[in-house]
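Working notes, beginning with the structure itself.
Each chain gets a letter, A, B and so on, in the order its sequence line appears, and its residues count up from 1.
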Protein chains: 4
Amino acid sequence: MRFLSDNTASVCPEILAAIHAANQGLTVAYGDDPWTARLDEVLGEFFGTPVRAFAVATGTAANSLALATLSPPYGAIYCPTEAHIACDECGAPGFFCGGAQLVTLEGEHGKITAGALAAALDAHPVSVHTVQPAAVSISQATELGTAYRPAEVAALCEAAHARGLHVHMDGARFANAVAYLGCHPGDLTWRAGVDVISFGATKNGALGAEAVVFFNRDLVRDFELRRKRAGHLLSKSRFVSAQLLAYVESGVWRRNAERANALARSLGEAAGKRLLHPVEANEVFVELGVDGKASLRAAGFEFYDWGPAAGGRARLVASWDQDERHVAALRAALTAS
Amino acid sequence: MRFLSDNTASVCPEILAAIHAANQGLTVAYGDDPWTARLDEVLGEFFGTPVRAFAVATGTAANSLALATLSPPYGAIYCPTEAHIACDECGAPGFFCGGAQLVTLEGEHGKITAGALAAALDAHPVSVHTVQPAAVSISQATELGTAYRPAEVAALCEAAHARGLHVHMDGARFANAVAYLGCHPGDLTWRAGVDVISFGATKNGALGAEAVVFFNRDLVRDFELRRKRAGHLLSKSRFVSAQLLAYVESGVWRRNAERANALARSLGEAAGKRLLHPVEANEVFVELGVDGKASLRAAGFEFYDWGPAAGGRARLVASWDQDERHVAALRAALTAS
Amino acid sequence: MRFLSDNTASVCPEILAAIHAANQGLTVAYGDDPWTARLDEVLGEFFGTPVRAFAVATGTAANSLALATLSPPYGAIYCPTEAHIACDECGAPGFFCGGAQLVTLEGEHGKITAGALAAALDAHPVSVHTVQPAAVSISQATELGTAYRPAEVAALCEAAHARGLHVHMDGARFANAVAYLGCHPGDLTWRAGVDVISFGATKNGALGAEAVVFFNRDLVRDFELRRKRAGHLLSKSRFVSAQLLAYVESGVWRRNAERANALARSLGEAAGKRLLHPVEANEVFVELGVDGKASLRAAGFEFYDWGPAAGGRARLVASWDQDERHVAALRAALTAS
Amino acid sequence: MRFLSDNTASVCPEILAAIHAANQGLTVAYGDDPWTARLDEVLGEFFGTPVRAFAVATGTAANSLALATLSPPYGAIYCPTEAHIACDECGAPGFFCGGAQLVTLEGEHGKITAGALAAALDAHPVSVHTVQPAAVSISQATELGTAYRPAEVAALCEAAHARGLHVHMDGARFANAVAYLGCHPGDLTWRAGVDVISFGATKNGALGAEAVVFFNRDLVRDFELRRKRAGHLLSKSRFVSAQLLAYVESGVWRRNAERANALARSLGEAAGKRLLHPVEANEVFVELGVDGKASLRAAGFEFYDWGPAAGGRARLVASWDQDERHVAALRAALTAS
């Protein structure tokens with residue numbers, strides 16, 4: 001019974017069908033295909049504004065390529081302490097940006113505030129000796145399973161833009177945030193000032209498909225060259241683009257996210273006071289104690305420690321295709337413990 | 001009628017079936033899955049020697065990650081003038097290696113010789129002021145549609161190893177070379193001294209699957225960390241590994257390559273004296289003249305110029321799934337012209 | 001009356017004389033000269049242990065080249081929040097290391113503790129997804145004008161080594177720390193476990209001379225190649241090496257540091273309760289208030305804000321050649337205010 | 001009797017005097033000093049046009065920093081096969097540019113032509129798959145001791161600019177070329193279309209001083225940030241700037257170059273038919289045979305092999321301060337052999 005990550009999930013039928021449908025005949029490679037040609041339009045409709053969208057196969061690539069267009073090699077990128085780009089990508093932003101420096105900010109429940117950003121910027125007057133503030137990167141949903149409200153995003157973007165920084169959103173679980181908040185995708189992104197999003201589909205039902213979506217199309221710059229030289233321009237791009245189109249057009253993005261969110265919420269209710277953060281997406285962070293973790297594992301549940309193994313914290317993730325019986329069993333185990 | 005590239009090809013049924021078969025339940029992500037667990041064994045059997053194999057989704061990633069494990073940032077990588085890494089990857093080796101310098105060598109029909117390598121090394125005595133010779137990279141089949149014979153590879157590897165360089169093979173069309181030469185995969189690689197190969201499946205029937213295969217397992221070093229920070233560790237790795245397993249185990253690697261080679265050979269025969277290089281794989285390089293190119297295009301054939309558009313050279317590529325009628329039509333057009 | 005930085009200082013007579021003395025005839029370039037040949041021996045005697053020492057012209061180069069030998073491109077380098085490498089080198093460590101990530105730790109008076117380091121390491125279990133902890137870098141004297149005691153350095157080194165990290169010391173003001181503590185240079189470095197130091201002379205009387213000194217000589221690795229390709233191997237190296245030899249052999253390192261420290265101490269006494277940190281080297285951090293800063297400036301004193309200009313904090317630095325009358329004037333102004 | 005390199009030379013009196021003169025009191029660091037403030041004006045007068053000039057301490061730094069402002073990380077930089085940036089800087093351009101690719105062109109006597117550049121550009125149509133042609137870099141005087149004529153430079157610049165490339169000149173021995181040709185410095189640079197020059201003084205009498213001089217001031221871009229993060233902004237910049245000012249204003253640049261050139265010319269005359277290239281600066285390339293090299297060395301002459309030690313070619317360099325008696329002795333030895 002795996003609650004390790006939504007990366008353990010399978011590919012949902014709609015998306016697999018789209019891959020099949022795209023497998024017809026000889027098609028011009030490297031993105032000059034009819035599927036990729038529709039990306040801008042379809043994602044533009046999804047977000048409710050004209051966009052430039054680029055398909056890649058991994059979230060790390062999406063994040064780092066986006067940041068490398070926003071930040072020079074001597075730039076500073078501000079992000080929460082728990083950011084995926086800071087903690088889980090083996091230094092990819094530094095690699096893609098040619099050395100840019102991450103500056104981590106403390107926040108509450110995985111969210112940083114406009115005030116924290118402004119304070120950090122105020123503390124270090126910029127000169128030729130300092131890294132040059134270039135970008136802010138936030139995750140939506142956050143790495144702690146919460147979701148920024150539109151006004152929170154807007155305040156952050158305003159603070160960033162006021163100082164000349166651009167804003168990147170790591171949307172590996174963007175669908176989960178939208179499903180939770182019940183708002184329009186545009187409310188959490190361009191209407192609030194986000195310049196570019198890594199719009200993830202992989203965790204939520206795709207095989208391997210992420211889109212870097214520029215709302216601020218002036219920032220696209222040399223993105224395509226950076227993608228190519230990083231080995232992230234897939235020759236048979238039609239199969240990544242087809243996944244993204246199906247993900248958006250079939251509505252599976254919402255259906256899958258809603259199901260995963262609901263399952264996580266039910267786990268969160270069972271965890272009760274042991275919850276470390278509100279459950280606003282499909283992740284549940286819970287203080288189980290070392291013994292509690294061991295008991296659950298002995299009962300057949302797989303999950304990751306959150307923090308050191310010697311600590312008592314655990315992360316439980318519900319995937320779009322999570323077996324309802326496994327969730328019920330985990331709920332029961334949590335309730336009983 | 002597309003003869004643009006084998007990247008235009010579709011996914012062959014055996015490999016699509018393998019993707020389906022792998023789409024079962026929640027599986028541990030990032031390569032800790034049963035499919036990836038079999039890669040070393042299955043590719044080891046294919047090559048006839050123990051190997052360490054790593055799956056990635058693009059050939060550029062495979063080449064650059066392999067080279068980055070072989071070369072320090074101040075290293076020199078020797079390759080033919082026409083090398084894919086030098087001409088078609090937007091500087092990826094320099095990016096992944098942190099600045100390593102490509103040194104291109106002239107050859108005949110896309111092949112460089114042991115003598116040319118030795119001469120290049122002799123010409124520049126190594127000191128703290130020079131880039132440090134680190135690796136040789138050759139393509140098999142070559143970028144000009146020819147295939148190194150085992151003895152040619154062995155001589156090159158011997159010359160390289162004698163000077164402390166390691167040898168990388170870009171095997172984007174390795175199956176085509178093996179099919180043409182009728183030898184064992186091991187004869188063209190580890191038995192001849194190759195240290196690491198980018199073993200391609202994408203051009204020959206996969207959706208997006210390449211394996212970096214280390215014969216010299218001491219050279220693996222930090223490959224996994226480099227792959228991760230480059231965004232090339234796929235979360236749902238099972239689907240890439242499953243493609244590679246099916247590619248090798250089903251024998252489709254040979255069947256597809258043999259068909260593409262045969263179609264290209266027949267085109268080469270039709271081209272006759274206009275051929276620029278022997279047709280030993282699935283690519284045909286032909287001097288058509290500017291008018292000849294225009295005529296073929298007017299007749300509905302798509303292909304790329306080889307060299308400047310103002311020149312008369314063309315590249316015709318036969319894919320594994322090329323329509324026989326299209327080939328017949330192109331053959332007729334070539335014969336008639 | 002400049003109290004801006006010890007970088008404003010002139011070159012002391014002993015060192016200028018050494019440059020003159022080295023200016024004799026044609027000498028083999030790039031470090032194969034008699035002055036450079038003596039560096040290891042002379043600095044080994046200074047520190048009381050065999051070393052490998054390399055001359056460069058700037059502290060940023062010394063720090064970054066040292067760190068690039070300690071950290072892979074996907075490494076993590078732990079340092080205090082105020083570290084020069086984090087705040088004042090325009091991202092140089094990220095550049096030289098090919099993307100390594102700085103992780104800043106909070107400390108007291110510019111010093112981080114073994115406990116803080118251990119806690120930071122414990123919080124993030126290492127995997128292929130994380131940056132790989134590689135090094136700790138501390139400044140001695142610190143960026144806040146304090147000095148680590150030998151036992152503090154030893155505890156930090158022990159904590160670092162226990163986790164496989166190496167320890168770098170930014171010794172731009174190392175002489176000031178030694179002069180203050182009255183201990184042997186070895187007590188603050190290799191005897192406490194430091195692996196490599198950037199041993200600065202520029203701020204303390206040289207024209208432009210820093211030495212990267214490896215106590216752990218196994219770590220030298222490819223330092224010389226990295227220095228060369230960064231443009232930091234000076235052709236006329238004799239003139240940098242000669243500065244370093246004179247700096248150490250003449251005893252001017254101590255004399256200059258003692259004078260600067262004494263002047264700073266007297267300023268610190270005048271600042272009294274407004275001091276932000278103990279004055280243990282040649283820097284004085286003081287809360288003057290916005291008006292206080294303005295008054296001093298109006299009286300002809302030049303100094304830098306510490307933090308935002310809108311804040312009330314100032315940094316006053318005493319150089320080795322600071323005019324005693326200027327110090328007296330500043331002391332008086334501080335006392336009066 | 002050293003004829004190894006002009007890097008073995010001492011510092012000429014005028015420049016040492018300027019260092020002394022600059023050693024007065026506390027001066028604002030990092031280039032905000034009165035000497036650095038005059039660089040633009042003084043070098044602008046030297047070249048006869050407004051410039052932006054930046055001081056660094058090494059030629060490798062000057063070249064690589066200039067190129068990094070001209071080329072993106074996925075750029076191609078065209079240069080002669082023998083270019084210092086390709087052969088003698090341990091991969092510095094790749095490092096500073098973040099991976100840019102050097103493309104070497106064959107030439108005659110170290111010079112490449114507009115035609116060779118155009119041919120190389122024509123051969124590889126640019127696409128997202130290729131490196132992006134960004135810059136041409138030539139040395140003046142060349143690495144083979146010859147000098148481009150103004151018309152040759154102009155033709156090359158015209159060919160480069162017509163294709164959107166910028167032109168960099170490695171002027172480590174620029175004074176020697178000007179002295180030989182007897183033309184105005186502007187004729188060889190901005191009047192001919194050069195965008196930026198690495199203007200060297202170190203080989204010709206300075207201690208360590210090079211200026212990156214932008215004629216095309218729009219290209220300065222982020223040069224200052226790149227210099228800082230590479231550790232090449234010297235804290236006591238006044239001493240580098242003072243060298244450059246003295247070098248230009250005292251006329252020593254010409255006097256030293258004329259003397260070195262004359263000495264080299266006399267050696268070239270003695271070498272007679274064994275000369276490999278015309279002697280147009282202060283370097284003499286000569287075919288001595290293995291025995292000839294050994295004989296000269298046995299007679300006390302020091303020089304470097306040109307090419308492999310097993311070959312018979314040698315490079316003899318005359319420095320500004322070369323002892324006339326040594327030159328006479330070498331001339332005699334060459335004549336006798």
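- Considering only residues two or more places apart in sequence or on other chains, D:Phe223 meets the ring-ring contact (aromatic ring centres under 6.0 Å, His included) condition with D:Phe54, D:Phe214.
- Considering only heavy-atom pairs separated by less than 4.5 Å from chain B, the leading option among D:Pro125, D:Ala100, D:Ala76 is D:Pro125.
- For D:Ile85, the part sitting under 4.5 Å from any heavy atom of chain B is the backbone (N, CA, C, O) and nothing else.
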Here's a test: name every donor-acceptor pair under 3.5 Å between chain B and chain D, with the distance for each.
{"from": "B:Ala86", "atom 1": "O", "to": "D:Gln101", "atom 2": "NE2", "distance (Å)": "2.9"}
{"from": "B:Glu89", "atom 1": "N", "to": "D:His129", "atom 2": "O", "distance (Å)": "2.9"}
{"from": "B:Cys90", "atom 1": "N", "to": "D:His129", "atom 2": "O", "distance (Å)": "2.7"}
{"from": "B:Gln101", "atom 1": "NE2", "to": "D:Ala86", "atom 2": "O", "distance (Å)": "2.9"}
{"from": "B:His129", "atom 1": "O", "to": "D:Glu89", "atom 2": "N", "distance (Å)": "2.9"}
{"from": "B:His129", "atom 1": "O", "to": "D:Cys90", "atom 2": "N", "distance (Å)": "2.7"}

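- Between chain B and the options D:Gly94, D:Pro73, D:Pro308, D:Gly307, the largest number of non-hydrogen pairs under 4.5 Å is found for D:Pro308.
- Only the backbone of B:Val128 comes within less than 4.5 Å of a heavy atom of chain D; no side-chain atom from C-beta onward does.
- Looking only at heavy-atom pairs under 4.5 Å with chain D, the residue among B:Gly311, B:Gly75, B:Ala86, B:Cys97 that has the most is B:Ala86.
- With chain B as the partner, the residue from D:Ala92, D:Cys87, D:Gly91 showing the most heavy-atom pairs under 4.5 Å is D:Cys87.
- Between chain D and the options B:Pro93, B:Cys90, B:Gly98, B:Gly99, the largest number of non-hydrogen pairs under 4.5 Å is found for B:Cys90.
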